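Written out below as structure tokens is the structure these notes cover.
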Amino acid sequence: MKRLNSKSGCAVEVTLSVMGGTWKPIVLFHLLHGQKRFSELARAIPNVTQRMLTLQLRELEEAGMVTRTVHAEVPPRVDYELTEMGQSLKPVLTAMRDWGQAYAQSRELAPELQAECAAAV
């Protein structure tokens, strides 16, 4: 996991070290609705590779944002869900979604892409 001590002295840096990047906020956003299997997340985020999704989930698990449950079944089933700390990011993630929608509308950028995200929470 990335180091959590801030070089800049700003708590935003710590936040970004836990949930920053392209895919982590999107994974966290999709998990706001409850437990999901790996394949559900992969379908919900079609542009992420399986390797990158696995890496991001591992980092989120290490940071205490996500729990991973492996079920003793054949074929194996793995579920992911937000921890209480992960759930505490809901206001941040919904604010990011709302800001992104407003920005996209003001710039007339892909309004059809925003509908799926808006219905998600």
Side-chain angles (χ1 to χ4, degrees):
M1 187 170 127
K2 297 176 187 172
R3 294 181 63 186
L4 292 183
N5 55 344
S6 174
K7 295 175 188 170
S8 66
C10 180
V12 172
E13 185 179 344
V14 176
T15 304
L16 289 174
S17 72
V18 173
M19 66 167 285
T22 302
W23 302 112
K24 285 181 192 171
I26 298 168
V27 169
L28 291 165
F29 184 82
H30 284 288
L31 288 174
L32 284 175
H33 322 322
Q35 189 176 63
K36 295 219 182 311
R37 294 177 71 172
F38 182 88
S39 59
E40 291 177 291
L41 285 169
R43 278 193 301 274
I45 313 167
N47 293 331
V48 69
T49 65
Q50 185 171 354
R51 181 180 182 281
M52 181 57 72
L53 181 56
T54 299
L55 177 66
Q56 299 300 283
L57 284 164
R58 285 182 186 158
E59 288 180 10
L60 287 168
E61 184 181 10
E62 185 180 331
M65 300 294 111
V66 171
T67 57
R68 178 178 186 261
T69 306
V70 180
H71 300 276
E73 301 174 355
V74 177
R77 180 170 60 112
V78 179
D79 293 321
Y80 294 91
E81 65 183 317
L82 294 178
T83 62
E84 189 175 325
M85 184 62 71
Q87 283 288 340
S88 72
L89 289 170
K90 183 175 183 171
V92 175
L93 295 166
T94 55
M96 289 172 67
R97 180 207 53 202
D98 295 346
W99 186 88
Q101 286 176 322
Y103 181 79
Q105 287 175 353
S106 74
R107 298 294 205 145
E108 299 177 7
L109 303 171
E112 68 281 355
L113 296 177
Q114 301 303 318
E116 180 180 324
C117 218
V121 174

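Computed from heavy atoms alone, side chains included, the values below leave out hydrogens, waters and symmetry copies. All figures in this text were calculated on a predicted structure; none of them were measured in a lab.
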For this session: Search all heavy atoms of Val27 against all heavy atoms of Leu41 and return the closest pair with its distance.
Result: O-CD2, 4.4 Å
Exercise. Side chains of Trp23 and Asn47: does their closest heavy-atom pair fall under 4.5 Å?
Worked result: yes
Exercise. Is the shortest heavy-atom distance from the side chain of Leu57 to the side chain of Phe38 under 4.5 Å?
Worked result: yes
Exercise. How far does CD1 of Ile45 sit from CD of Gln56, to the nearest 0.5 angstrom?
Worked result: 9.5 Å
Exercise. Hey, what do you get for CD (Glu81) to CZ (Arg37), rounding to the nearest 0.5 Å?
Worked result: 14.0 Å
Exercise. How many angstroms lie between atom NE2 of His30 and atom CZ of Arg43, to the nearest 0.5 angstrom?
Worked result: 12.5 Å
Seminar exercise, completed: Between Pro25 and Gly21, the two heavy atoms sitting closest are CD-O, 3.4 Å
Problem set entry | Passing candidate, side chain to side chain contact (heavy atoms under 4.5 Å, CB included) with Gln87, options Leu28, Leu82, Leu31 | Leu82
Problem set entry | Inter-residue atom distance Ile26.CD1 - Met96.CE, 0.5 Å rounding | 8.5 Å
Problem set entry | Evaluation steps, side-chain contact (heavy atoms from CB on, under 4.5 Å), between Leu55 and Met52 | CA-CA 5 Å; Leu55 177 66; Met52 181 57 72; 4.1 Å; yes
For this session: Look only at the side chain of Glu13 and the backbone of Cys10, and say whether a donor-acceptor pair between them is shorter than 3.5 Å.
Result: no
For this session: Apply salt bridge (charged side-chain N to carboxylate O under 4.0 Å, His left out) to Arg77 and list each qualifying residue two or more places apart in sequence or on a separate chain.
Result: Glu73, Asp79
Problem set entry | Spacing of Asp98 atom CG and Leu93 atom CG [to the nearest 0.5 Å] | 11.0 Å
For this session: To the nearest 0.5 Å, tell me how far Phe29 CZ sits from Thr94 OG1.
Result: 7.5 Å
Problem set entry | Tyr103 and Trp99 aromatic ring geometry - parallel, tilted or perpendicular at 30°/60° bounds | parallel
Exercise. Would you say Lys24 and Glu59 make side-chain contact, with heavy atoms under 4.5 Å?
Worked result: yes
